[in-house]
Number of protein chains: 2
Amino acid sequence: MPDPFQLRRVRVERSPLEVFEQFLRRRGKRMTRQRRLIIDQIFTHHDHFDADELLAHLQEMINKRLVSRPTVYRTLSDLVAAGLLRRMSIGGRSVYEYQYGYPSHDHLFCQGCNQLSEFQSPAMEKLCDRVARQYDFQVLGHRLFVIGICARCRAAGRTPEEQTEAPGPFLR
Amino acid sequence: MPDPFQLRRVRVERSPLEVFEQFLRRRGKRMTRQRRLIIDQIFTHHDHFDADELLAHLQEMINKRLVSRPTVYRTLSDLVAAGLLRRMSIGGRSVYEYQYGYPSHDHLFCQGCNQLSEFQSPAMEKLCDRVARQYDFQVLGHRLFVIGICARCRAAGRTPEEQTEAPGPFLR
DNA sequence: GTGACTGCAAAGTCTTTGCACGCGG
DNA sequence: CCGCGTGCAAAGACTTTGCAGTCAC
């Protein structure tokens, strides 16, 4: 059985830092100490994360007053604009994941543990394209969340919390 | 070419109001004038909407002080809990759509006009199930957003705004 | 009559913005 | 040195909550 938790990066020619530097240069923007810190922190992890989690990882730097909250938010937006990250939303907050150097994938969302995991499915890509063609819709990408209960939670007898908050996708 | 904009309700035995009344009764809750107003307003429209849009439709009632903002929010949550609505998020806000008496479907999201439309694809349902089985994941449902440009926007030469905000899904 | 519901105002969360200073190129 | 970037504080957008009066049952 394939493990959905282990997508590996695809090989890319330039490092995220290089890509970002070029992005900044093209726009007459600057590479700063803060931006470098944030990129380092992000691209040494392989996760879905939100600004707060990133801030937690940067906590030490924040304590040392090396990065501030607004700068983290601003940089995250820049990284999305640069195509390095993708932004989603879960539970009303923005959540980010790798885009550059990371394979296209879909998500499994477990209602037992609220974990987001990933899987790849070429068939899914094809089906999206086929459906879109039917509706004369030019596809730029897609977001799929399969919602349910993971094996671990089922084994633990953990059932979804009451449907007070039904899972639902979010575009931004 | 099928029109994605025209899903029609499926026939159901009980009206949304009846379902909600039963839901309330079972929980020792009460059917109030406000809740009736909100349900009426919602189930005479066929849309995706958020609390503010609903509030706008209820504006007259609000002006007359017949419903308040917190009550709208509270009732929307109740309707989700009752299985009448589904909640998603777009752009950082909760967005609702029909659940009860409405067929299962997926979404096309146009980056040109930010319109959300719907389509049905049995193949998609099957594929989700098949993929989930592979990962030993018990499926409760899924959310799919195909992101791109609709025919109308393409014809109008409208391209997506710059990737400042990449579309991304949102679970809640 | 009892206790759930409402409206109001206020608080909470997450995110963005205005502004003066600091620093990259 | 020019002007972009940062940090601070404050504002903003959306949603939730505490509380006292009101209304459904």
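Sequence lines set the chain letters: A, B, ... in the order given, protein chains first and strands last, and positions in each chain run from 1.
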* Structure fact -> Of D/dT15, C/dT17, C/dG7, the nucleotide closest to the side chain of A/Pro70 is C/dT17
[X] [atom1] to [N] [atom2], straight-line distance once rounded to whole Å:
X: B/Ile38; N: C/dC5; atom1: CD1; atom2: P; result: 13 Å
X: A/Arg27; N: D/dC4; atom1: CZ; atom2: P; result: 14 Å
X: A/Leu76; N: D/dG5; atom1: CG; atom2: P; result: 16 Å
X: B/Leu79; N: C/dC5; atom1: CG; atom2: P; result: 13 Å
X: A/Asp78; N: D/dC4; atom1: CG; atom2: P; result: 14 Å
X: A/Arg69; N: C/dT16; atom1: CZ; atom2: C1'; result: 12 Å
X: B/Arg35; N: C/dC5; atom1: CZ; atom2: C1'; result: 6 Å
X: B/Met88; N: D/dC14; atom1: CE; atom2: C1'; result: 17 Å

* Are A/Asp136 and B/Arg154 close enough for a salt bridge, meaning some N to O gap below 4.0 Å? -> yes
* Basic-acidic side-chain contact under 4.0 Å: A/Asp78, A/Arg35 -> yes
* To do: May I ask you to decide if the ring planes of A/Tyr135 and B/Phe119 are parallel, tilted or perpendicular, using 30° and 60° as cut-offs?
  => tilted
* **A/Phe23 and A/Phe20 aromatic ring geometry - parallel, tilted or perpendicular at 30°/60° bounds** => parallel
* Looking only at non-hydrogen atoms, find the nearest pair between A/Val139 and A/Ala132 and report the distance. => CG2-CB, 3.0 Å
* Have a look at the helix from C/dG1-D/dC25 to C/dG25-D/dC1 and give the angle its two end axes make, five pairs each, rounded to 10 degrees. => 40°
* Asked: Same hydrophobic cluster for B/Leu76 and B/Leu24, using side-chain heavy-atom links shorter than 4.5 Å among ILVMFWY?
  -> yes
* Asked: For B/Arg130 and A/Ser121, does a side-chain donor sit closer than 3.5 Å to a side-chain acceptor?
  -> no
* To do: Could you run through nucleotides 19-25 of chain C and give me one letter per nucleotide, 5' to 3': B if any protein heavy atom sits under 4.0 Å from the base, S if only the sugar-phosphate is that close, - if neither?
  => -----BS
* Does the side chain to side chain donor-acceptor pair (under 3.5 Å) test come out yes or no for A/Ser104 and A/Glu125, once each step is laid out? -> CA-CA 9 Å; A/Ser104 147; A/Glu125 314 281 334; 2.9 Å; yes
Presence of [X] side-chain N/O under 4.0 Å of [N] phosphate oxygens OP1/OP2:
X: B/Ser94; N: D/dT15; answer: yes
X: B/Gln34; N: C/dG7; answer: yes
X: B/Tyr73; N: D/dT16; answer: no

* By salt bridge (charged side-chain N to carboxylate O under 4.0 Å, His left out), which residues pair with B/Arg74, not counting sequence neighbours? -> none
